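A quick write-up on the structure given underneath.
All residue numbers refer to positions in the sequence shown, counting from 1. What you see is a predicted model, and the numbers here were worked out from it, not measured in a lab. Ligands are counted one by one from 1 in listed order, and the atoms in each one are counted from 1 as well.
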Amino acid sequence: MNKMSQRTASVYENVVRQFNKAADLIDFDPEIRKILAKTTNEIIVNFPVKLDDGHIEIFTGYRVQHNSVLGPYKGGLRYHPLVDIDEVRALATWMTWKSAIVNIPFGGAKGGIKVDPSKYSTAEIQRMTRRFTFALGCSIGPEYDIPAPDVNTNPQIMAWILDTYLSTQPPHTRQANVHIVTGKPVESGGSIGRDKATGQGVVFTIEEWAKDRKFDLKSATYFVQGFGNVGSWASILLKPHGARLIAVEDVCGAFHNPDGIDPDELNEYFKQKRTLEGFPGLKRIDHEQFMATKADIFIPAALENQITAETAPLLNVKVIAEGANGPTDPDGDEIIQKKRIDVIPDIICNAGGVIVSYFEWLQNKRSEFWDLEEVDRKLRRIIIGGYERVREAAQKHKTDWRTAAYIVALTRLEKVYKERGIFP
Ligand code: NAD
């Protein structure tokens with residue numbers, strides 16, 4: 001079992017260190033720095049939920065809105081025992097940078113409930129979700145702040161948020177509010193391709209990295225931490241390139257098979273058994289052995305602070321493609337730079353999710369339905385555009401890719417603030 005069930009370091013502190021490093025390098029306007037160093041709104045709600053046995057439990061939910069100068073607040077909702085104000089602040093801030101890099105008209109937000117959903121029934125999760133949505137009230141809205149899935153939330157949970165939000169609106173406005181959440185089931189107004197969007201974006205950026213490095217993905221090996229939405233789709237979509245998955249870790253532990261693991265079959269197995277344990281050919285390894293897996297590509301796709309001063313020295317890969325948000329802390333970053341491991345940083349690598357969320361939001365507003373070919377084509381163009389801007393900034397400023405990604409985001413935000421000025 002790895003050490004992800006407890007967190008001691010501040011995640012928001014990591015964001016501040018990353019932000020200051022980039023801002024120092026480009027002589028960022030000190031007044032605008034003050035604005036972006038703070039979140040705009042932080043909403044904490046305590047709300048009661050009736051459990052199946054008739055008892056009431058009080059839950060704490062969060063929504064942090066970092067910045068909306070580029071557009072409505074946008075970001076996922078996480079249901080996890082480690083959710084707290086520090087984590088949500090960090091995740092909201094990363095969302096602002098992400099949309100700025102890929103040039104989509106959204107700001108940054110994030111939220112969630114401090115809960116271990118595995119301990120509650122589906123009916124309890126439904127009541128919790130509806131009551132949380134009700135508690136947030138007009139702090140969210142289709143042109144104001146638009147939630148989406150994140151860790152332990154999914155299209156079904158988005159459908160309950162949609163239904164609760166619409167049910168609390170005046171009847172004649174309901175149909176005009178379907179874009180209150182993205183990542184909905186397709187039948188309830190979701191976009192085709194949103195389920196795989198983040199994993200697809202991860203693979204599009206790996207393809208670009210491979211072109212840059214003249215690296216043949218056909219003979220590549222990779223391993224993945226987290227086999228949920230992002231990790232499973234990234235694994236499945238790398239397979240057609242000929243690359244071989246050799247290790248995987250989730251909340252139940254780490255497993256490997258040097259001969260290769262079929263990600264499609266593993267995904268089917270997981271859907272039935274809800275565990276990776278027992279899949280033919282998988283051998284259990286410990287967390288340190290997992291992190292030390294010799295491979296070409298590592299895709300962290302679980303939680304924050306996984307690549308640290310402790311674990312970065314173990315890594316034996318060519319590139320880290322950050323499917324998760326914040327998997328590398330600043331100390332880990334320094335070590336992987338010294339080891340000359342490439343990084344495709346989270347705020348570009350996993351931007352596919354918010355890009356296709358933007359497509360879903362647009363389709364809802366226009367009453368349109370795009371096909372998968374259109375979604376994938378537009379996703380590829382937008383995420384690669386962001387990737388290229390980051391590459392250019394890294395070359396121009398002779399810096400690492402994470403700092404370069406921040407530079408792209410900060411430059412855009414600075415320009416907009418200078419154009420608009422500060423009210424009044
Ligand atoms: P998910 O809930 O679908 O999957 C999370 C995975 O992480 C699961 O396989 C779980 O077992 C694993 N995990 C949890 N605790 C773990 C532990 N202690 N050790 C090892 N594995 C552990 O979540 P997701 O949507 O795939 O999100 C994963 C990451 O990607 C998060 O950082 C999230 O913020 C980020 N992300 C998600 C999206 C999206 O569209 N869903 C978009 C951008 C970024």
List the residues meeting salt bridge (Lys or Arg N to Asp or Glu O under 4.0 Å) with Glu265, not counting sequence neighbours, and say none if there are none.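 Residues passing salt bridge (Lys or Arg N to Asp or Glu O under 4.0 Å) with Glu265: none at all.
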
May I ask which of Trp94, Phe290, Phe227 has a heavy atom nearer to atom 9 (O) of ligand 1 than the others do?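 Nearest option to atom 9 (O) of ligand 1, by heavy atoms: Phe227.
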
Just to be sure I'm reading this right: ignoring hydrogens, which of Asn325, Thr275, Leu276 gets closest to atom 35 (C) of ligand 1? Compare them by their nearest heavy atoms.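 Going through Asn325, Thr275, Leu276 one by one, Asn325 has the nearest heavy atom to atom 35 (C) of ligand 1.
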
Side-chain atoms of residues 406-415: list all donor-acceptor pairs with protein atoms under 3.5 Å, sequence neighbours left out, distances to 0.1 Å.
| from | atom 1 | to | atom 2 | distance (Å) |
| --- | --- | --- | --- | --- |
| Tyr406 | OH | Gln18 | OE1 | 2.5 |
| Tyr406 | OH | Trp94 | NE1 | 3.2 |
| Thr411 | OG1 | Ile407 | O | 2.5 |
| Arg412 | NE | Asn103 | OD1 | 2.9 |
| Arg412 | NH1 | Ala100 | O | 3.3 |
| Arg412 | NH1 | Asn103 | OD1 | 3.2 |
| Glu414 | OE2 | Asp29 | N | 2.9 |
| Lys415 | NZ | Glu419 | OE2 | 3.0 |

Do any N/O atoms on [X] end up under 3.5 angstrom from N/O atoms on ligand 1?
| X | answer |
| --- | --- |
| Gly353 | no |
| Asn152 | yes |
| Ala302 | yes |
| Asn229 | yes |
| Gly231 | no |
| Asp150 | yes |

How about [X] and [Y]: does a side-chain donor come under 3.5 Å of a side-chain acceptor?
| X | Y | value |
| --- | --- | --- |
| Thr129 | Tyr79 | yes |
| Arg391 | Gln395 | no |
| Asn305 | Asn14 | yes |
| Lys110 | Thr93 | no |

Taking Ser191 for the side chain and Arg194 for the main chain, is one N or O donor matched with an acceptor at less than 3.5 Å?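 Such a contact is absent between Ser191 side chain and Arg194 backbone.
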
Salt-bridged, Asp346 to Arg402, with N to O below 4.0 Å?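 Counted as a salt bridge, because a side-chain N and a carboxylate O are separated by less than 4.0 Å.
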
For Glu304, is the nearest heavy atom under 4.0 Å from an atom of ligand 1?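 Flag not set, Glu304 not near ligand 1.
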
Touching ligand 1 at all, Arg194? Heavy atoms, strictly under 4.0 Å?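 True for this residue.
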
Which atoms of ligand 1 have any heavy atom of [X] under 4.0 Å away?
| X | value |
| --- | --- |
| Gly323 | 30 (O), 35 (C), 36 (N), 44 (C) |
| Gly226 | 6 (C), 7 (O), 9 (O), 12 (C) |
| Arg78 | 31 (C), 32 (O), 33 (C), 34 (O) |
| Thr198 | 38 (C), 39 (C), 40 (O), 42 (C), 43 (C) |

Parallel, tilted or perpendicular: which one describes the rings of Phe290 and Phe223, with boundaries at 30° and 60°?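 Aromatic pair Phe290/Phe223 classed perpendicular.
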
Mode of Ala301 contact toward ligand 1 - side chain, backbone, both, neither (heavy atoms, under 4.0 Å):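 Within the 4.0 Å criterion, Ala301 contacts ligand 1 through backbone atoms alone.
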
Are Glu143 and Lys74 close enough, and set up right, to give a salt bridge (Lys or Arg N to Asp or Glu O under 4.0 Å), and what steps lead you there? CA-CA 10 Å; Glu143 304 291 335; Lys74 183 86 190 80; over 6 Å; no

